[in-house]
Every structure is written in structure tokens, then in C-alpha cells.
Amino acid sequence: MLREDPRNGESAHRSSKKPKLSSKFITESDIRDEFSHHQPRVARINNGSFGSCPGSVLTAQRHWQLQFLCQPDAFYFNTLRHGITASRKIIKDLINADHVEEVSLVDNATTAAAIVLQRIGRSFAEGKFQKNDTVLMLHCAFQAVKKSIQAYVTRAGGSVIEVRLPFPVNSEEEIVFEFKKSIEEGKSNGRKIRLAIIDHITSMPSVVIPVKELVRICRAEGIEQVFVDAAHAIGSVKVDVKEVGADFYVSNLHKWFFCPPSVAFLYCKKSTSSSDVHHPVVSHEYGNGLPIESSWIGTRDYSSQLVVPAVLEFINRFEGGIDGIMKRNHDEVVKMGKMLAESWGTNLGTPPEMSAAMIMVGLPSRLCLNSEEDAVTLRSHLRDRYEVEVPIFHQVSKDGEEEVRDMGRFITGYVRISHQVYNTWKDYEKLRDAINQIVEDGKTCKMLYTE
């Protein structure tokens with residue numbers, strides 16, 4: 001029987017104690033102080049892209065950085081490994097993993113995708129998989145994931161099947177139907193689906209995917225491995241990796257979990273062979289298991305991996321802890337989304353129950369948003385002219401898809417609004433009034449190009 005590597009943080013004693021919630025909850029004034037470093041006057045309703053980090057956690061990060069700079073050798077030999085292990089243990093409990101060695105800390109979801117897809121690519125290159133066996137993914141998967149498939153899988157002989165995500169979407173059943181249809185296509189002509197990549201929350205457009213149901217379908221259909229790209233999940237939806245049942249699950253800790261950029265956890269189920277799962281940056285820990293490989297990839301700043309205990313302290317200052325924050329953000333983003341849709345005479349892109357802390361809101365068709373270039377132009381205009389930061393999505397209509405109209409025209413643009421604890425009603429009023437002003441002035445996206 002193999003002995004546990006103590007560097008993984010396993011010991012005979014395993015604490016089952018849950019972290020205590022504060023008896024004195026954070027106030028709105030405290031929240032403003034924690035995020036006082038944010039640029040004043042900017043309506044920052046795009047937490048989904050880069051996240052946010054409170055001042056108390058930034059102070060903790062600076063402490064770790066100075067510790068290293070004061071005496072790097074002592075920090076490396078005596079402190080770094082223990083600090084990273086402490087963070088991994090917290091994440092292990094939060095996501096309900098069985099073992100701490102199932103949890104690795106990496107830079108971001110992009111790094112995790114490279115880890116998983118390099119492994120798949122090697123299997124194609126070494127002849128373990130047949131040419132034209134396939135990888136299944138949603139058509140709106142994050143672009144970095146698509147590029148990783150291109151770099152590691154298709155060049156080694158694998159193929160790709162994209163599941164068309166309906167949008168606007170009205171029910172989980174619509175997604176399940178398209179997923180099953182694509183599995184049938186992927187298994188045609190004797191091919192095998194070697195990996196399914198499933199988003200827990202898609203980025204653009206933002207939709208909470210019925211991930212547990214899709215993983216269950218994968219198992220029933222004999223799909224060998226499942227990788228859940230949950231970049232937006234931890235801190236915005238409940239994460240229970242045993243309930244999800246995937247082989248690999250990644251979520252950024254700097255988006256909705258208040259860590260400074262950049263850090264993510266990658267869960268690799270213990271039953272999954274781990275001997276050929278490696279960090280893409282090879283250092284002298286190569287071959288010692290992914291958690292240990294990831295804990296040292298050369299001299300760099302590891303402070304974002306070390307502040308997880310400080311983040312948990314901040315989170316537990318809120319009533320209900322992480323669950324209370326998730327409910328607060330979901331309820332508020334739905335409320336703000338409905339307010340904007342009512343003001344603009346448009347629609348929400350998903351039912352409330354298929355959103356987390358982000359929601360899609362249709363833009364007035366009179367803006368004539370007809371291309372990605374139009375979306376970029378409108379976003380820049382809102383930033384530069386109105387001090388509003390929000391992503392814009394261009395909806396390309398597809399044959400057979402239901403199209404939504406306002407005032408007789410098709411809605412082809414959506415904003416993706418986020419809500420985090422620092423946001424206020426005024427942020428969304430600012431966006432509402434900016435769009436209404438552009439429309440009242442009779443301007444279209446094309447007219448904003450020259451402004």
C-alpha cells in the first residue's frame with residue numbers, strides 16, 4: 001500500500017470542524033471600506049471578468065510577499081509548502097472532496113484546461129485513442145479552452161463536437177436535449193467520445209448549466225472522462241464535487257471567492273489515474289503528483305495561493321457566510337436585471353433560476369447592435385463616456401432558433417451584469433440611464449464609432 005506523501009497535507013488526524021461565522025456581522029460601511037481602492041464613480045458591474053479583492057485580503061497578501069522578500073530561503077524551506085497546504089485543506093472542505101491530494105492550486109482555469117487537455121492530447125499522440133475519436137464541448141466554451149483543444153487535441157488527431165447552447169434559454173431541458181443530440185453525433189461512425197467538457201456557468205452568454213444531469217448522461221453514455229470548467233462557480237453557486245461526479249473540476253478563486261489574481265483550484269478525482277496528470281510548467285517537482293508539482297513551478301509570487309485563510313475570514317464576516325453572499329448576489333442581480341429589462345422594454349436571457357451572480361439583459365433593438373465590433377464599440381463608449389463597465393454580447397441568430405423582439409425588431413445585443421457585495425443600486429441606474437440616453441439621442445452603435 002502506498003504511503004501518503006506528507007507534502008500533500010494528509011495526516012492521521014482530520015478535523016471535521018466547520019469554520020465559525022462571526023458573531024458581529026459586516027456592515028455596509030465596512031464593505032465600502034474593504035473596497036475603497038476601487039476607482040471612484042465607476043459603475044463596476046463586471047465582477048465576472050476579473051473578480052474583486054477586499055482590502056483586508058490585500059493586506060494579508062502583502063504580509064506573505066514581505067515574508068518572502070525578507071528571507072526567501074527560510075520562506076521556501078519552512079513556510080511556503082505549509083501555507084499552500086493550509087489553503088488546499090480549506091478548499092477541500094468547501095468543495096466536499098474526499099482527500100486533500102485531490103486538490104491542486106494553479107494560476108487559473110486556463111492552466112487547468114491545459115493540464116487536462118495535454119493529458120488527452122498525449123493519449124492521442126501515443127496511440128491510446130483512435131484518430132478522429134472526439135472531445136465534446138459547448139459551442140460557447142471559453143476561448144482559451146477552444147485554443148487548448150486546438151493546440152493539444154486536434155493537432156494530435158482528435159476531433160471536436162460542439163453542443164449548440166440555445167440562447168435565450170427558457171429551461172434546462174433545452175440544454176439537455178441539445179447535449180444528447182451532440183453525443184449521438186459524436187458517437188457516429190464508431191467514434192468514441194474520450195472527454196466531455198462541460199461549463200458549470202458559461203461566460204458569454206452567462207447561463208447556469210445543469211451540470212449534474214449532464215455528467216450523469218455522460219456516464220450513462222459511456223463517455224470516459226468529464227472535465228467541468230467552472231471558472232465562475234465557487235462563491236456564486238454551491239460546489240460539491242462528489243455530487244457533480246466529474247473526473248476534473250476547476251474554478252477560479254479570484255472571480256467570486258475574493259482572492260487576488262490569479263489562483264484557481266483543480267480537483268482531480270482520486271480514482272482517476274493521476275500518474276500522467278502534470279503541470280504544464282515542468283520544474284524539479286515533476287513526477288511527485290500534480291498538487292506538489294503545482295506548489296512549486298519556479299521562483300514567482302505565490303501569495304494569491306496563500307491568502308485563502310484570510311479570504312475565509314472575510315467571507316465569514318457576512319451573515320450566512322458563503323451561502324449568505326451567494327443568495328445576496330443572486331437575489332440582487334435578478335432584481336437589477338428585471339429593473340433594466342423593464343426600463344428598456346426587453347427581456348432576460350435566462351430564467352432567474354438559471355442565473356447565479358450574473359444575468360443577461362436584452363438591449364434595445366434601436367441600438368442596432370449587429371456585430372462583435374458593435375459590441376466592443378458600445379462597451380468602450382459606456383466606459384469612456386458614462387463610466388460604466390459592463391460586457392456586451394452580440395447574439396447571432398441561428399436557423400431554427402426562436403428570436404426575441406422589442407417594438408417589432410430582433411434583440412441582437414445583451415449586457416451581462418454582475419452583482420458582488422460592493423455593488424449598489426446606483427451602479428445599475430447609471431447603466432440604465434446611459435443606455436436610455438443613447439437611445440433617446442437616436443444613436444446606433446455604428447454612430448458611436450466616430451465619437
Rounded distance [0.5 Å steps], [atom1] in [X] versus [atom2] in [Y]:
X    : Y    : atom1 : atom2 : value
N170 : I175 : CG    : CD1   : 10.5 Å
R216 : E221 : CZ    : CD    : 9.5 Å
L58  : S56  : CG    : OG    : 8.0 Å
L363 : L431 : CG    : CG    : 8.0 Å
R432 : I435 : CZ    : CD1   : 12.0 Å
I392 : C445 : CD1   : SG    : 8.0 Å

Within the structure provided, determine whether [X] and [Y] are in side-chain contact (heavy-atom separation under 4.5 Å).
X    : Y    : answer
K92  : Y267 : no
N252 : S262 : no
N329 : S236 : no
F258 : Q420 : yes
Q225 : V116 : no
I359 : M336 : no
V250 : D229 : yes
D199 : L165 : no

Under the side-chain contact (heavy atoms from CB on, under 4.5 Å) rule, what do L94 and I91 come out as? Steps first, then yes or no, please. CA-CA 5 Å; L94 284 172; I91 299 303; 4.3 Å; yes

Can we call the ring centroids of Y302 and W296 under 6.0 Å apart?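 Here the rings of W296 and Y302 have centres that are less than 6.0 Å from each other.
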
Just jot down the side-chain contact (heavy atoms from CB on, under 4.5 Å) partners of V176, sequence neighbours excluded, or say none.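 Result, side-chain contact (heavy atoms from CB on, under 4.5 Å) vs V176: K180, P210, E213, L214, I217.
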
Which residues pass the side-chain contact (heavy atoms from CB on, under 4.5 Å) test with A86, not counting sequence neighbours?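 A86: no side-chain contact (heavy atoms from CB on, under 4.5 Å) contacts found.
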
Tell me if a side-chain donor or acceptor on [X] pairs with a main-chain N or O of [Y] at a distance below 3.5 Å.
X    : Y    : result
R328 : F318 : no
H330 : A356 : yes
D93  : I90  : no
E34  : G55  : yes
N189 : R191 : no
R416 : S203 : yes
K181 : R164 : no
S182 : E178 : yes
R88  : V100 : yes
H419 : A357 : no

Salt-bridge test for [X] and [Y]: reply yes if a basic N is under 4.0 Å from a carboxylate O, no otherwise.
X    : Y    : value
R219 : D247 : yes
R119 : E224 : no
D30  : K24  : no

Pairing residues for [X] by the salt bridge (charged side-chain N to carboxylate O under 4.0 Å, His left out) criterion, not counting sequence neighbours:
X    : result
D133 : R194
E184 : none
E243 : K212, K238

With [X], which residues qualify under side-chain hydrogen bond (donor to acceptor under 3.5 Å, both in side chains), at least two apart?
X    : value
R379 : E389
D441 : Q437
K335 : E332

Residues I198, C218; criterion side-chain contact (heavy atoms from CB on, under 4.5 Å); working and verdict: CA-CA 10 Å; I198 304 170; C218 287; 4.2 Å; yes

Partner set under ring-ring contact (aromatic ring centres under 6.0 Å, His included) for [X], not counting sequence neighbours:
X    : value
F124 : F129
F68  : F75
Y414 : F167
H38  : F35, Y422

Is it true that atom NZ of K242 has more than 12 heavy atoms of other residues, nucleotides or ligands lying nearer than 6.0 Å?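 Yes, the 6.0 Å shell around NZ holds more than 12 heavy atoms from other groups.
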
Around atom NZ of K327, are there more than 12 heavy atoms of other residues, nucleotides or ligands at under 6.0 Å?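 No, not enclosed.
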
Can a donor-acceptor pair be found between the side chains of T377 and D374 at a distance below 3.5 Å?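 Note: T377 and D374 side chains miss the donor-acceptor criterion.
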
Residues H278 and Q118: side-chain donor-acceptor under 3.5 angstrom: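 Side chains of H278 and Q118: no pair found under 3.5 Å.
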
Work out which heavy atom in [X] is nearest to a heavy atom in [Y]; give both atom names and the distance.
X    : Y    : result
N423 : S418 : OD1-O, 3.9 Å
M204 : P391 : CE-CB, 3.8 Å
V307 : P260 : CG2-CD, 3.4 Å
A246 : V215 : N-CG1, 4.1 Å
H279 : S294 : CD2-OG, 3.5 Å
Y386 : K430 : O-CE, 3.1 Å

Just do the side-chain contact (heavy atoms from CB on, under 4.5 Å) check on W344 and V415 with the steps written out, would you? CA-CA 12 Å; W344 298 337; V415 292; 3.9 Å; yes

Full working for side-chain contact (heavy atoms from CB on, under 4.5 Å) between Y152 and I120: CA-CA 8 Å; Y152 306 125; I120 296 296; over 6 Å; no

